[in-house]
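Read the structure below first, then the notes.
Proteins get letters first, then strands, A, B, ... in listed order; numbering begins at 1 in each.
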2 protein chains.
Amino acid sequence: MSTTPVLKPDLLQGPLEVMIFRTLERRPSHGYAIARAIEAASGGELAIEEGSLYPALHRLEKRGDIVGEWSQTEQKRRAKVYRLTPKGRKKLIEQTSAWQRLVGAVSKVIGPSGGGDGELAGDHA
Amino acid sequence: MSTTPVLKPDLLQGPLEVMIFRTLERRPSHGYAIARAIEAASGGELAIEEGSLYPALHRLEKRGDIVGEWSQTEQKRRAKVYRLTPKGRKKLIEQTSAWQRLVGAVSKVIGPSGGGDGELAGDHA
DNA sequence: ATGCTCACCTAGATTGTCGAGGTATCCATG
DNA sequence: CATGGATACCTCGACAATCTAGGTGAGCAT
């Protein structure tokens, strides 16, 4: 473990996937609901574009990280409900940690003076 | 409230630029030195690829955020030393805050504790 | 029936990273 | 002197992911 030297998967393969994973971990949902959930959870700071969301969903499904099933909403509209597969659950953990590592690394570079959170131990370099 | 509605610049236009800005704010440097500085500042967690760095530098120079001047290193090798312009300084501030806003928003979505545990009970929307 | 929200989808343009290759200089080593 | 490593720059082509901007259609209220 901890063989991981550097982190550099495109310098980010997008936090969108992590947020989708996390949202689906809480509860299986259809695309539209995922978008609203993320927007709400972020306190209205994030806007999820459908043109990014649906391709991402299809991508993840093709990879086997999530599975979708056609179903119906309470309002009787058809909707494709996605849920996490075991594989996706693993990805959630991996990508969450990758994201946090990235954030930590970037924070070190742009300096502790930013933001006001995250930096716990005084860094010594 | 603040007019700032949502944040959605590609959901990330790359922290690379911010890190370059921040590095140059500390001291004007040439490309190679910037890469090493970022790698060092991140504690060796980030690897800056030249294929990303140089295009980024040219991009930023063309935008007027930085200016480069051919010069010489102590070891007598030619090097193009870049420094921040006033415009770039402004961008540094803007992008730093955008990055931190994004990080904050994503954190809210994936949860404060990140990956590993989850609180399932007790919450009902 | 008109229009709004829900709920899905895609194509095309754009952007940015990465991998891999190339040039050239300085210096230490053999 | 030749070789090779580190410094220092550059560019091209492939690839991935987003956004814009369109489109379909069903349910519900007016």
Is any side-chain nitrogen or oxygen of A:Tyr54 closer than 4.0 Å to OP1 or OP2 of C:dC8? yes
Does OP1 or OP2 of D:dT11 have a side-chain N or O of B:His58 closer than 4.0 Å? yes
Charged N to carboxylate O under 4.0 angstrom, A:Arg22 versus A:Glu25? yes
For A:Tyr32 and C:dC6, is the shortest distance between a side-chain N/O and OP1 or OP2 below 4.0 Å? yes
The residue, A:Leu53 or B:Gly31, whose nearest nucleotide of DNA chain D is more 5′ is B:Gly31
Whole-Å distance separating the CD1 atom of A:Ile48 from the C1' atom of C:dA7: 16 Å
Take atom CD of A:Glu17 and atom C1' of D:dA17, then tell me their distance rounded to the nearest Å. 9 Å
Verify the cluster assignment for B:Leu16 and B:Tyr54: are they in a single hydrophobic cluster under the rule of side-chain heavy atoms below 4.5 Å apart? yes
With the side chain defined as heavy atoms from C-beta on, A:Glu49 is closest, among D:dT7, C:dT17, D:dC19, to D:dC19
Going from NZ on A:Lys87 to CZ on A:Arg63, what distance comes out if it is rounded to the nearest 0.5 angstrom? 9.0 Å
To the nearest angstrom, the CZ-C1' distance between A:Arg77 and C:dC6 comes to 4 Å
Residue-phosphate contact under 4.0 Å: B:Ser52 side-chain N/O, C:dC18 OP1/OP2: yes
Consider the side chain of A:Arg78, meaning its heavy atoms from C-beta on, and name the nucleotide among C:dC8, C:dG16, D:dA17 that approaches it most closely. C:dC8
Under 4.0 Å between any heavy atoms, over every strand shown, what does B:Gly51 touch: base, sugar-phosphate, or nothing? Just pick one. base
Under 4.0 Å: is that the gap between some side-chain N or O of A:His30 and OP1 or OP2 of C:dC6? no
Nearest-Å distance, CD (A:Glu61) to P (C:dC8)? 12 Å
For the hydrophobic clusters of this structure (ILVMFWY residues joined by side-chain heavy atoms under 4.5 Å, transitively), does one cluster hold both B:Leu53 and B:Ile66? yes
Could you tell me how far apart A:Glu74 (CD) and C:dT5 (C1') are, to the nearest whole angstrom? 16 Å
side-chain N/O B:Thr73 vs D:dT7 OP1/OP2, d < 4.0 Å: no
What is the distance, to the nearest angstrom, from the CG atom on A:Leu46 to the P atom on D:dC19? 11 Å
Whole-Å distance separating the CG atom of A:Leu60 from the C1' atom of D:dA17: 12 Å
Quiz item: B:Gln75 side-chain donor-acceptor pair to C:dC27 base, under 3.5 Å: no
Could you tell me whether A:Lys91 and A:Glu17 make a salt bridge, using a distance below 4.0 angstrom between a side-chain N and a carboxylate O? no
Taken to the nearest whole Å, CG/B:Leu16 to C1'/C:dT17 is 9 Å
Of the candidates D:dT20, C:dG16, C:dA7, the side chain of B:Arg59 sits closest to C:dG16
